[in-house]
Amino acid sequence: IYALTATIDAKDHYTFTHSNNVAYYAKKLAEACGLDAETVEIIREAALLHDIGKISIPEAILNKPAKLTADEYDIIQKHPENAVAIIRHLPQLDYLIPAVISHHERWDGKGYPRRLSGEDIPLGGRILCVADCFDAMTSRRCYQDVRTVENALTDLEVNAGKQFDPELVRLFVRGVRCGEIELQAPRSAFSASSAS
C-alpha cells in the first residue's frame with residue numbers, strides 16, 4: 001500500500017497528502033459508526049488508495065486552474081475504475097475494491113461510475129465520499145481557494161441526503177465540531193504521522 005502511495009506522491013504531491021488526510025478522516029468516521037477494528041482498517045487502507053487511478057490522468061488536467069471541459073471531466077471520472085484496474089494486479093488487496101470504486105457515488109444516485117444510490121453504495125464508499133469531499137473543500141488547490149471548516153461542514157449538511165449519507169454527515173459534523181476529528185494540515189511524504 002505504501003509503495004503505491006509513493007507512486008502517487010511521485011506524480012502529484014497534493015493527491016498523496018490528500019489521500020493521507022482522507023485516510024485520517026475516514027478512520028475517525030468509521031470509528032464513530034462503531035465499526036470493528038478490522039473494518040476500520042480496511043476503510044483507512046482504501047482511503048490511502050482511493051485516488052491511485054489518478055496516476056493515469058495527464059497532469060495538465062489534474063492541475064488545470066480553469067474549469068474542465070466535458071472531455072476532461074470524463075477522463076477525471078474514470079479514476080475510480082483506473083484505481084480498481086491497478087489494485088486488481090495485487091489480488092491480496094481485492095478487499096479494498098468496493099470502497100475505492102464507490103467513493104464518487106452519491107446518495108441520490110447521481111454519482112459515478114455505477115450510479116448506485118442510498119444503502120446500495122458500500123458503506124466504505126459512503127464514508128470515503130464524506131471524508132474525501134471535506135478534505136477537498138478545506139484544502140488549497142490551483143482551481144479553488146481553501147474554505148473554512150464551518151463553511152465545509154455547512155456544505156456537508158446542505159448536501160446530506162443528496163450527495164452524502166445523512167447519518168454519516170451527522171456523525172462527521174458532530175465529530176469535527178466537538179474536536180474528536182481534527183482538521184488535517186498538509187503532511188510531507190512518509191512523515192511519522194502518515195506512517196502510523
Query - From CA spacing to verdict: side-chain contact (heavy atoms from CB on, under 4.5 Å), Tyr24, Glu182 - result: CA-CA 9 Å; Tyr24 167 80; Glu182 299 174 1; 3.7 Å; yes
Requested in this report: Please test Ile43 against Lys27 for side-chain contact (heavy atoms from CB on, under 4.5 Å), starting from the C-alpha separation and ending with a verdict.
Outcome: CA-CA 7 Å; Ile43 290 168; Lys27 177 178 184 283; over 6 Å; no
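- Shown here are the side-chain contact (heavy atoms from CB on, under 4.5 Å) partners of Glu72, two or more places apart in sequence or in another chain: Ile61, Lys64, Leu68, Thr69.
- Shortest non-hydrogen contact noted between Leu171 and Cys33 is CD1-SG, 3.9 Å.
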Report task. Apply salt bridge (Lys or Arg N to Asp or Glu O under 4.0 Å) to the pair Arg174 and Glu167, showing each step before the final yes or no. Result -> CA-CA 11 Å; Arg174 185 179 70 187; Glu167 177 59 15; over 6 Å; no
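- Side-chain N/O atoms of Thr15 and Asp51 include no donor and acceptor closer than 3.5 Å.
- For Tyr25, the ring pair (Phe, Tyr, Trp, His ring centres under 6.0 Å) partners are Phe134, Phe172, not counting sequence neighbours.
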Requested in this report: List the steps and the verdict of side-chain contact (heavy atoms from CB on, under 4.5 Å) for Leu123 and Ile127.
Outcome: CA-CA 6 Å; Leu123 178 59; Ile127 288 173; 4.0 Å; yes
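- One distance of note links CE of Met137 with CZ of Arg147; it measures 5.5 Å at 0.5 Å rounding.
- Between Ala85 and His89, the shortest heavy-atom contact is O-CD2, 3.1 Å.
- Atom CG of Leu116 and atom CZ of Arg126 lie 10.5 Å apart (nearest 0.5 Å).
- Results of the side-chain contact (heavy atoms from CB on, under 4.5 Å) test with Pro113 over Glu81, Gln77, Lys78 single out Glu81 as the only residue that passes.
- For the pair Arg44 and Tyr2, the tightest heavy-atom approach, listed with the atom from each and the gap, is NH1-OH, 3.6 Å.
- Side chains of Asp155 and Asn159: a donor-acceptor N/O pair is present below 3.5 angstrom, by distance only.
- Other residues, nucleotides and ligands contribute at most 12 non-hydrogen atoms within 6.0 Å of the CD atom of Glu38.
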Requested in this report: Start with the C-alpha distance between Asp36 and Thr39, add both sets of side-chain angles, then the distance that settles side-chain hydrogen bond (donor to acceptor under 3.5 Å, both in side chains), and finish with yes or no.
Outcome: CA-CA 6 Å; Asp36 62 83; Thr39 304; 3.0 Å; yes
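- Taking both residues in full, the closest heavy atoms of Val158 and Lys162 are given as O-NZ, 3.4 Å, listed atom of the first, atom of the second, then distance.
- Heavy atoms from other residues, nucleotides or ligands lying under 6.0 Å from CD of Glu119 number 12 at most.
- Of all non-hydrogen atoms in Ile52 and Leu4, the two that sit nearest each other are CD1-O, 3.4 Å.
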Report task. Start with the C-alpha gap between Leu96 and Leu93, add the side-chain angles, then the distance that decides, and say whether side-chain contact (heavy atoms from CB on, under 4.5 Å) holds. Result -> CA-CA 6 Å; Leu96 303 178; Leu93 297 180; 4.2 Å; yes
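- A ring-ring contact (aromatic ring centres under 6.0 Å, His included) check over residues 55-88, counting only residues at least two apart or in different chains, returns the pairs His79-His103, His79-His104.
- Side-chain N or O atoms of Ser102 include none that pairs as donor or acceptor with a backbone N or O of Glu105 at under 3.5 Å.
- Taken together through direct or relayed side-chain contacts under 4.5 Å among Ile, Leu, Val, Met, Phe, Trp and Tyr, Leu156 and Leu128 form part of one hydrophobic cluster.
- Put simply, the side chain of Arg115 gets close to the backbone of Gly111: a donor and an acceptor are under 3.5 Å apart.
- In terms of heavy-atom proximity, Ala30 sits nearest to Val40 at CB-CG2, 3.9 Å.
- A distance-only check finds no donor-acceptor pair linking the side chain of Ser139 to the backbone of Ala136 [under 3.5 Å].
- For the atom pair CZ (Phe164) and CD1 (Ile121), the distance works out to 11.0 Å, reported to the nearest 0.5 Å.
- There is no side-chain donor-acceptor pair under 3.5 Å between Asn20 and Thr17.
- Among the candidates Cys129, Ser117, Pro166, the single residue satisfying the side-chain contact (heavy atoms from CB on, under 4.5 Å) test with Trp107 is Pro166.
- The hydrophobic clustering, which links ILVMFWY residues whose side-chain heavy atoms are closer than 4.5 Å, places Val130 and Val176 together.
- Rounding to the nearest 0.5 Å gives a distance of 5.0 Å between CG of Leu62 and CD1 of Ile76.
- Side-chain contact of Glu45 with Tyr95: a donor-acceptor pair under 3.5 Å is present, judged by distance alone.
- A side-chain contact (heavy atoms from CB on, under 4.5 Å) with Leu48 is found for one member of Ile1, Ile8, Val22 and no other, namely Ile1.
- Here CD1 of Ile55 is found 9.0 Å from CG of Asn82. Values are rounded to the nearest 0.5 Å.
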Query - Full working for salt bridge (Lys or Arg N to Asp or Glu O under 4.0 Å) between Arg177 and Glu150 - result: CA-CA 9 Å; Arg177 286 188 174 140; Glu150 193 53 41; 2.5 Å; yes
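- Rounding to the nearest 0.5 Å gives a distance of 4.0 Å between NE2 of His18 and CG of Asp132.
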